[in-house]
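Note that the structure is a prediction, hence the values are computed from the model and not measured. These values consider heavy atoms only, across backbone and side chains, with no hydrogens, waters or symmetry-generated copies. Numbers restart at 1 for each chain; the letters A, B, ... are given by sequence-line order, proteins then strands.
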Amino acid sequence: MWGCTHGQSSKPTTQSVEKQSFEPKNGTKRKRAGPPNSIEDKRDEQPVKLKTSNDAAATTPRNTSSSKAPKDGTQTSNGLSEKPLKRQKPESSPQAPRSSHGASQPSQPSNKTSRHRQHSDRGQSLPPHLLRKRDELLPVRKALPIWPQASAIKAALKKNNILVLTGETGSGKSTQVPQFLMNEPWCTKCIAITQPRRVAAISLARRVAEEMGSFMGSQSPVAKVGYSVRFDNATGPNTKVKFLTEGMLLQEMLRDPIMSQYSAVVVDEVHERSVNVDLILGFLRNLVSGVETGGKSTRTHPLRVIVMSATADVESLVTFFEDGQTSSKQEQGAKNPIAQKGGAQTQEGGAMQVKPGRISTCFVEGRQYPVKTVYLPQPTQDWVESALKIIFQIHYKEPLPGDILVFLTGQDTIEGLEKLVNDYAEGMDKDVPKLLALPLFAALPQHAQQRIFQSTPFRTRKVILATNIAETSVTVPGVRFVVDCGKSKIKQFRNRLGLESLLVKPISKSAAIQRKGRAGREAPGQCYRLYTEDGYNTMEERTIPEILRCDLSQSILTMKARGVDDVLNFPFLDRPPREAMEKALLQLLHLQALTDTGTISDQGLKIAKFPLTPTLGRVLVEAAKPERDCLLDAIDIISALSVENVFLNLVTEERKEEAEEARRELYRREGDHLTLLVTVQRYAEERTDRKVWCEKHFVSHRAMQNVMNIRKQLQQQCMQLKLLSKDDTQSDSAPSEARSQAILECMLRGFIHNTARMMPDGSYKTLIGNQTVAIHPSSVLFGRKVEAIVFNEFLFTGKAWARGVSAVQLDWVSEVVEAIM
DNA sequence: GAGCACTGC
């Protein structure tokens with residue numbers, strides 16, 4: 001897990017507090033220390049200001065951090081702020097061993113909990129170590145660029161319900177804004193702060209708890225800070241500041257459309273533009289403008305919304321919340337199945353509408369050392385070779401310390417360059433420091449990823465060869481040089497074919513700036529771009545938001561489940577093409593998640609509540625039907641399909657053969673789905689040592705632990721939806737032939753579009769769309785000829801492949817296909 | 001006989 005470095009690192013900077021600025025850095029020194037390197041440094045043109053758009057700018061005192069911080073920006077070791085940020089003592093770390101199972105588990109009443117039960121929440125009687133920590137951290141907080149803005153931010157939210165806050169890395173916005181707001185008179189309930197990633201939600205909550213001198217989550221009833229991520233809910237009755245992942249908030253919004261437990265929602269990292277953040281913003285805009293909150297479900301107090309973003313794209317966000325009233329009016333008359341259930345009536349329009357000028361904006365400077373940009377004089381085709389040259393150029397020219405972070409596109413280029421670097425490094429003179437090449441990508445086992453945090457051996461420079469993972473998800477310490485190939489792999493959904501492809505594409509300017517910034521987190525740095533300045537200038541300004549390039553069926557089902565019937569007029573920050581939305585609507589209709597009139601069906605409501613794609617949700621609902629009666633088996637299979645790679649990928653031929661042999665007892669001739677079922681069942685039955693079992697069968701233990709979590713969650717949710725009864729949780733082993741057939745027929749109900757039949761020449765063609773597909777070599781059915789197949793995934797990599805394949809009978813498929821045609 | 005950027009419920 002990222003985010004849990006308890007100070008073993010040689011540097012005090014841990015990624016778990018990366019949102020904090022932990023350097024005693026001078027916020028102003030940065031400005032002109034670097035060369036006139038890029039067009040993106042607009043910070044100097046933008047004074048620190050906070051204004052409301054309906055009155056004159058109320059300029060606040062300029063960020064005072066620069067006067068408090070040491071003037072020398074290169075002075076990295078200064079006790080003032082580094083020391084308190086170290087996670088030194090275990091006692092100061094408010095983390096208890098936590099159960100990672102089911103969010104619904106009650107917190108265990110421990111001695112510790114009852115001992116603190118009588119504590120007042122004023123803090124005086126809290127344990128001294130928490131208070132000491134809090135007091136230690138206060139000066140650090142005060143030195144953050146956002147600190148002087150506290151009163152202006154509070155004033156803005158007294159006046160207006162919406163605040164758009166732009167703050168760069170290191171401004172402290174994620175940790176401080178909730179603390180500024182929590183004691184405001186209007187803030188009688190909880191504040192939610194969303195994060196795109198689990199680690200960020202958890203580590204920010206820990207940090208804020210420390211800063212407040214509070215317990216965390218379920219540690220104590222008086223705990224004021226908590227977090228909620230999948231499989232891990234650490235909130236208590238008095239949680240006032242709650243960090244959660246975007247997906248978690250969306251789930252809550254389905255259960256409680258008006259968000260009655262919150263006084264404010266802070267949407268952080270909006271610039272990353274995940275699909276979930278786009279949905280949240282649309283729902284919030286409807287909510288604050290009084291749309292689809294009709295009747296009895298109207299809020300008594302207005303919800304405060306704080307939208308936080310790193311890039312200065314304030315205008316579009318302000319416009320988004322100001323305008324678009326036309327589309328919301330259209331939705332006003334729309335039926336809301338959730339509200340209707342309670343006999344609610346649609347509220348008359350306009351009562352809580354956001355009028356122009358009711359939105360505040362705020363800009364806060366970040367803290368970043370200057371980074372010099374170097375472009376290639378000529379464009380190159382072979383950027384692996386260019387990267388190699390530049391790595392050694394840096395290594396020979398630049399003194400230690402200073403690690404190199406290289407951004408590449410994927411595992412293969414990373415491993416290729418790793419080998420090259422190692423080969424060349426062997427031939428270096430003895431008096432030159434060593435080079436240590438470290439790969440970093442998500443599929444790399446956890447222990448291998450952790451190597452980047454280990455301290456560098458004496459006279460050695462690390463070269464981290466990374467994918468996009470290092471752009472946002474992982475902060476690599478010690479980096480002073482960035483090498484950016486200017487490309488990344490992007491998944492694109494092709495509407496017409498209904499398949500996804502993974503393509504290597506040029507990155508956007510904003511991504512290039514993000515990558516470059518990774519060199520200036522601890523000291524001034526350099527960024528070598530493996531493209532020309534002209535190349536940079538021709539890049540798109542921003543990365544295309546995910547919602548414009550993904551399959552929309554899950555998003556649209558979520559919208560429908562939340563009562564947005566007219567999805568074509570949903571307030572999107574960026575509206576997906578109509579074609580993509582219609583494609584998704586049609587798919588949902590085929591899944592019988594929608595009725596013929598386009599309203600959500602009972603079945604659709606159930607599907608929407610599962611943490612699954614609509615196709616997989618549909619399979620579950622089908623499996624629960626009495627005539628199928630194979631829900632537990634379906635849950636096992638779907639859990640395994642929800643994680644990537646249960647079976648380990650082996651490299652050498654020898655190991656592959658070994659694995660084939662060991663797994664033979666798991667393989668089922670019906671195909672991959674039943675093979676997964678057997679694997680999950682055997683793993684679950686294993687009582688002695690599951691880890692050993694995994695090693696023996698070349699199965700990923702980490703993946704299987706995740707499968708078990710998902711399996712448990714799905715079983716619980718099926719019980720809540722009354723699809724499963726309590727006394728029915730013991731799955732039978734080894735499904736009979738009849739049950740195998742039932743399982744595959746359920747799969748067909750979800751994957752109608754992913755079916756193909758064998759042609760006379762032995763190739764396969766999809767029943768819908770008539771596309772040629774081939775069974776992927778990773779399938780147990782590879783090389784076999786069967787009359788028809790159903791498959792989990794349709795992907796294009798040079799050729800159209802079907803992955804996750806099972807054999808079915810043609811007449812089963814025909815029956816399902818005819819039903820929707 | 002191929003190959004897989006990254007999140008998340």
Residue [X], side-chain heavy atoms: nucleotide from [options] that is nearest:
{"X": "Lys491(A)", "options": "dG1(B), dC6(B), dG3(B)", "answer": "dC6(B)"}
{"X": "His776(A)", "options": "dC9(B), dA2(B), dA5(B)", "answer": "dA2(B)"}
{"X": "Ser473(A)", "options": "dC6(B), dC9(B), dC4(B)", "answer": "dC6(B)"}
{"X": "Leu795(A)", "options": "dA2(B), dC6(B), dC4(B)", "answer": "dC4(B)"}
{"X": "Asn645(A)", "options": "dA5(B), dC4(B), dC9(B)", "answer": "dC4(B)"}

How long is the line joining [atom1] of [X] and [atom2] of [N], in whole Å?
{"X": "Phe441(A)", "N": "dG3(B)", "atom1": "CZ", "atom2": "P", "answer": "17 Å"}
{"X": "Lys656(A)", "N": "dA2(B)", "atom1": "NZ", "atom2": "P", "answer": "10 Å"}
{"X": "Leu408(A)", "N": "dC6(B)", "atom1": "CG", "atom2": "P", "answer": "12 Å"}
{"X": "Arg784(A)", "N": "dG1(B)", "atom1": "CZ", "atom2": "P", "answer": "17 Å"}
{"X": "Leu612(A)", "N": "dG8(B)", "atom1": "CG", "atom2": "C1'", "answer": "12 Å"}
{"X": "Lys489(A)", "N": "dC6(B)", "atom1": "NZ", "atom2": "P", "answer": "9 Å"}
{"X": "Leu279(A)", "N": "dC9(B)", "atom1": "CG", "atom2": "P", "answer": "15 Å"}
{"X": "Leu250(A)", "N": "dT7(B)", "atom1": "CG", "atom2": "P", "answer": "19 Å"}

Any donor-acceptor N or O pair under 3.5 Å, side chains Thr475(A), Arg518(A): yes

Of Glu653(A) and Phe796(A), the one whose closest DNA chain B nucleotide lies more 5':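 Between the two, 5'-proximity favours Glu653(A).
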
Along DNA chain B (nearest heavy atom to each residue), the more 5'-positioned of Gln713(A) and Ile490(A):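 The residue mapped nearer the 5' terminus is Ile490(A).
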
Can a side chain N or O of [X] be found less than 4.0 Å away from OP1 or OP2 on [N]?
{"X": "Arg803(A)", "N": "dG3(B)", "result": "no"}
{"X": "Thr245(A)", "N": "dC9(B)", "result": "yes"}
{"X": "Ser778(A)", "N": "dA2(B)", "result": "no"}

Under 4.0 Å, heavy atoms only, any strand: does [X] hit a base, just the sugar-phosphate, or nothing?
{"X": "Leu502(A)", "answer": "base"}
{"X": "Thr467(A)", "answer": "sugar-phosphate"}
{"X": "Arg230(A)", "answer": "base"}
{"X": "Ser274(A)", "answer": "nothing"}
{"X": "Lys487(A)", "answer": "nothing"}
{"X": "Ile710(A)", "answer": "nothing"}

Chi angles and distances behind the side-chain contact (heavy atoms from CB on, under 4.5 Å) call for Phe407(A), Lys487(A): CA-CA 8 Å; Phe407(A) 283 100; Lys487(A) 304 265 197 292; over 6 Å; no

Residues, nucleotides or ligands: over 12 heavy atoms within 6.0 Å of Gln261(A) CD: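 Count over threshold, so yes.
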
Arg784(A) atom CZ: more than 12 heavy-atom contacts under 6.0 Å: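 More than 12 heavy atoms, drawn from other residues, nucleotides or ligands, come within 6.0 Å of this atom.
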
Aromatic ring pairing Trp801(A)/His776(A), orientation class (parallel under 30°, perpendicular over 60°, tilted between):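 Plane angle over 60°, so perpendicular.
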
Over all atoms of both residues, closest heavy-atom pair of Thr235(A) and Tyr227(A):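 Closest pair (atom of Thr235(A), atom of Tyr227(A), distance): CG2-O, 3.5 Å.
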
